[in-house]
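Here is the structure we will look at, set down as structure tokens.
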There are 4 protein chains.
Amino acid sequence: MPTPKAASSRTPDATRRSERSRRAIYDAALALVAEVGYARTTVEGIASRAGVGKQTIYRWWPSKSAVLLDAYLDLTGQAGPEAQAGPEAQAGPEGGEERDEPAEPAGLPDTGDLAADLKAVLRATVDELDDPRFEAPTRALTAEGVIDPELGARFVERLLEPQLRLYVRRLAAARDAGLLRPDADLRVAVELLVGPLTHRWLMRTRPLTHAYADELVDHVLRGIAPR
Amino acid sequence: MPTPKAASSRTPDATRRSERSRRAIYDAALALVAEVGYARTTVEGIASRAGVGKQTIYRWWPSKSAVLLDAYLDLTGQAGPEAQAGPEAQAGPEGGEERDEPAEPAGLPDTGDLAADLKAVLRATVDELDDPRFEAPTRALTAEGVIDPELGARFVERLLEPQLRLYVRRLAAARDAGLLRPDADLRVAVELLVGPLTHRWLMRTRPLTHAYADELVDHVLRGIAPR
Amino acid sequence: MPTPKAASSRTPDATRRSERSRRAIYDAALALVAEVGYARTTVEGIASRAGVGKQTIYRWWPSKSAVLLDAYLDLTGQAGPEAQAGPEAQAGPEGGEERDEPAEPAGLPDTGDLAADLKAVLRATVDELDDPRFEAPTRALTAEGVIDPELGARFVERLLEPQLRLYVRRLAAARDAGLLRPDADLRVAVELLVGPLTHRWLMRTRPLTHAYADELVDHVLRGIAPR
Amino acid sequence: MPTPKAASSRTPDATRRSERSRRAIYDAALALVAEVGYARTTVEGIASRAGVGKQTIYRWWPSKSAVLLDAYLDLTGQAGPEAQAGPEAQAGPEGGEERDEPAEPAGLPDTGDLAADLKAVLRATVDELDDPRFEAPTRALTAEGVIDPELGARFVERLLEPQLRLYVRRLAAARDAGLLRPDADLRVAVELLVGPLTHRWLMRTRPLTHAYADELVDHVLRGIAPR
DNA sequence: ACATAATCGAGACGGTACGTCAGGTCTTTTT
DNA sequence: AAAAAGACCTGACGTACCGTCTCGATTATGT
């Protein structure tokens, strides 16, 4: 099964790829996951809903989860620079549906008030996790990544780590300004913010609230405050 | 004929249930998940490996994940008090493998040294999460629970929450002894311990180590130390 | 499969048999065949409808078709003298539904007018074959007998041959009276009457009518008339 | 979703049909019926023996009996003009069923000696019915047709009636030559030939012999001879 | 401008597994 | 001891999708 087979159909010509089909596949995949859930979303269903042949999906993606990951990256604006040649070139002209966020994660706000900034960001995360538009595919991908290390790695590399790095950067700025202990392990601090939040969301142990986000920030900052 | 009797085909008579079959199903399910992974574990495969008719599985469980959950509960000793009549035979004759933990999680150690106790427990958790015997089914159930709220709720209620409560109890003892801030939110503290650990394990962002466990404990205790 | 297995459950004690159950099974079997057809009649369905355990059926009959054959024999009054001990003894008391025909085929009418007698009998047969009460089980048993030689033999021996013998007897009386050729093969003559009728009914090539019955009689008698 | 498209999953594209699979299915079906009998022949068994997916059978036939009928028609040379490619071009758009008889059986011999000709044909029929290659599927289809009017109708229309018409035609030729009564009902005469023969075969009341065939012919011709 | 080659929509194919139904056996409890 | 009940293993059902494999019918260059 994993044997590549080296046939003629290997490595299709990406320059000839139909942009319309790709878009339609993304839209169909996200819509189906949102509507019927990940498990009952099928490649056949995506193809049929996208008005596309099944082979067009299998030509470009190895699995349902890979399609969904790309669709999700596209949705969140992290448009995958690996899977396609250079979509940004003609992304302007035909436009398609306009996406909210344009491209690279912008960097965390820095008003000087670290606690406030972190709370704002975590609250936004809470809101996003509660947004049904994001919830279903995020859960689907996370769950898939928990089981499939391959996919999990891509998910982490492309989505999670970039975000965590932003936190680290913001904390580093605060530390350099003398607002945090010089020896604080910022990476662990970030995980102390994100880990519990994610845990609650994944496990549904308690409702995700702004208050909880605030509490986390207060708790963590107390742990890495100077002295 | 479409509604034959409601009583007979709905809830089968649990007193007539074959203990041998249940055991065989648990063992087969866990073995298969460990060997080929959750996705490629099938109900048919479990039945065949357990030497059991498919219907015997469908008679007692609604889905593959439900089987696995019960198998896992049985494995960890939280033997489901709902699925069977009671400890009627108490496994005497045919025995099967004896399970290490009998019933309720034993309670966290309390040597008086809170940090040491927590570290010991978290390190043990790290070891368990690295044990391949537990890893596959735990990941499988966690992932399934992320997507299926029903299953997730059972998973949390039967496994996660009881454990978290043990932490809270241990922390409460420390707080009552004046070792922690009186106003500390112990639940959040526990989540600050468990959340990041789980996050690393699920996402595979960094290796899970004893050092990390220690770091978490130190960090959290610093946040809820008196004063 | 055909291996009898010689277990303890062989040859149950017929004297202890429940007459009530047997009746209920016959009624349920005939009703189901009439209602849903033979193929969709199941042993389980018969048992459930008769308010009887499945084993009670398997204890006394080897197969669905055997049940139906006995039920049919019971219906037509040829009450099987082999399958049960002596039902006629106490058949009086509880009675159940009264059957139209009492027992042995009474013998064909003999008014002296052979053609008229034969026509009357054949017309009656036509009517019976059109009676929905008889049609479904008769078709079912005939079809089963076509494929299963065992069952077919019992069907022929218990139902068909006795009837054919009556025809032969009537024809023999006519021949002895000089109304037929002395050398006529009466058995073949009977088959010339019954064969085409059965053929039409089984194959549904043409409607079964009294006129057709008459035509057959006329045709056949013409073939074996004296000279 | 319950009504997906009506067009696609209803009538599959017959031009894309795999001829190899169809042949393999026919062969497997006939072989299995001959080997294990009709009742123990399963769709799954046919598929597996033919090296074909089950769906490939269900795509083109509604039931086991339908497969067998087509296989049998193919075997006897009445190759079904509806099931495979061929005159699809001018069948019109969706083309109702305007089936006349396409591949008519060759016609009965006409040596001028009617009795001899009929005997030859009936003897050949006897031989065919005794040929184990034909016996099992013929019995299976006949029995199925006895119970399932739909299938029975197709069986009669495609196999039985064309044959009977040949007899009628031969008899008509003889009648026109003055060898039979002008007013003889030829259809009934044919049934008097075929009915008893079929009856013996189906019911297994007596062995099927050439002598019996001859007797039938003599008997019937005596009934419709001139005068 | 056009041939040429790849992608595309479509969907048939050999498969695997699904969840259900029933067959026939066995066991438990009731009569 | 037979009967009602029904759990059990088995095996087939008919369906849904999998991933592969043709098919014409568009594109979409690249000489």
Side-chain angles (χ1 to χ4, degrees), chain A residues 1 5 7-9 12-18 20-21 40-45 47-48 50-60 62-64, chain B residues 4-5 7-9 12-18 20-21 40 42-45 47-48 50-60 62-64, chain C residues 1 5 7 9 12-18 20-21 40-45 47-48 50-60 62-64, chain D residues 4 8-9 12-18 20-21 40-45 47-48 50-60 62-64:
Chain A
M1 250 150 257
K5 211 184 178 195
S8 62
S9 60
D13 183 346
T15 67
R16 284 183 168 285
R17 183 165 184 185
S18 161
R20 259 176 88 275
S21 295
R40 279 158 58 190
T41 295
T42 65
V43 172
E44 234 158 43
S48 141
V52 139
K54 261 203 292 184
Q55 198 59 250
T56 300
I57 295 184
Y58 284 112
R59 185 156 27 233
W60 302 107
S63 66
K64 173 173 73 161
Chain B
K5 223 180 247 186
S8 68
S9 62
D13 184 344
T15 69
R16 286 203 188 286
R17 182 165 186 185
S18 161
R20 258 177 89 275
S21 294
R40 282 163 45 194
T42 66
V43 172
E44 225 153 51
S48 135
V52 139
K54 258 203 292 186
Q55 200 59 34
T56 299
I57 296 185
Y58 284 112
R59 185 159 24 237
W60 301 108
S63 66
K64 173 172 72 160
Chain C
M1 253 143 256
K5 212 187 178 196
S9 60
D13 182 347
T15 67
R16 287 180 160 275
R17 183 166 186 186
S18 161
R20 259 178 84 274
S21 295
R40 278 157 61 191
T41 294
T42 66
V43 173
E44 237 158 38
S48 139
V52 139
K54 262 203 291 185
Q55 198 55 248
T56 301
I57 295 183
Y58 284 113
R59 184 155 28 233
W60 301 107
S63 67
K64 175 172 72 162
Chain D
S8 66
S9 61
D13 183 344
T15 68
R16 288 204 186 289
R17 183 164 185 184
S18 160
R20 256 177 90 273
S21 295
R40 282 161 50 192
T41 294
T42 66
V43 173
E44 223 152 54
S48 136
V52 139
K54 258 202 294 184
Q55 200 58 35
T56 299
I57 296 185
Y58 284 113
R59 186 160 23 237
W60 301 108
S63 66
K64 174 172 73 160

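What's counted below: heavy atoms across the whole structure, side chains too, no hydrogens, waters or symmetry copies.
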In degrees rounded to 10°, what angle is found between the helical axes fit to the five outermost pairs at each end of the helix from E:dA1-F:dT31 to E:dT31-F:dA1? 10°
Show the nearest heavy-atom pair for residues B:A14 and B:W60, with the distance to one decimal. CA-CH2, 3.8 Å
N/O (side chain, D:W60) to phosphate O (OP1/OP2, E:dA12) under 4.0 Å: no
Do you know which two heavy atoms are closest between B:V43 and B:K64, and how far apart they sit? CG2-CB, 4.1 Å
Contact letters for nucleotides 25-31 of chain F, in which S counts primed atoms plus P, OP1 and OP2 and B counts the base, heavy atoms under 4.0 Å: ---B---
For B:D13 and F:dC8, what is the distance between atoms CG and C1' respectively, to the nearest whole Å? 13 Å
Can you give one letter per nucleotide of nucleotides 16-23 of chain E, going 5' to 3': B for a protein heavy atom under 4.0 Å from the base, S for sugar-phosphate only, - for none? -BBBBBBB
Nucleotide E:dC26, atom P - distance to CZ of B:R20 in whole Å: 15 Å
Counting only side-chain N and O atoms of B:T56, is one of them less than 4.0 Å from OP1 or OP2 of F:dA7? no
Contacts of B:S48 meeting side-chain hydrogen bond (donor to acceptor under 3.5 Å, both in side chains) (sequence neighbours excluded), chain-then-number -> none
E:dC8, OP1 or OP2 - any side-chain N/O from A:R59 closer than 4.0 Å? yes
Side chain to side chain contact (heavy atoms under 4.5 Å, CB included) involving C:T42 - partner list, sequence neighbours excluded: C:E44
Quick one: list whatever passes side chain to side chain contact (heavy atoms under 4.5 Å, CB included) with C:S21, sequence neighbours left out. C:S18, C:V52, C:T56
For the side chain of D:K54 and the backbone of D:A47, is there at least one donor-acceptor N/O pair under 3.5 Å apart? no
Round to the nearest Å and state the distance from D:I57 atom CD1 to F:dT15 atom P. 13 Å
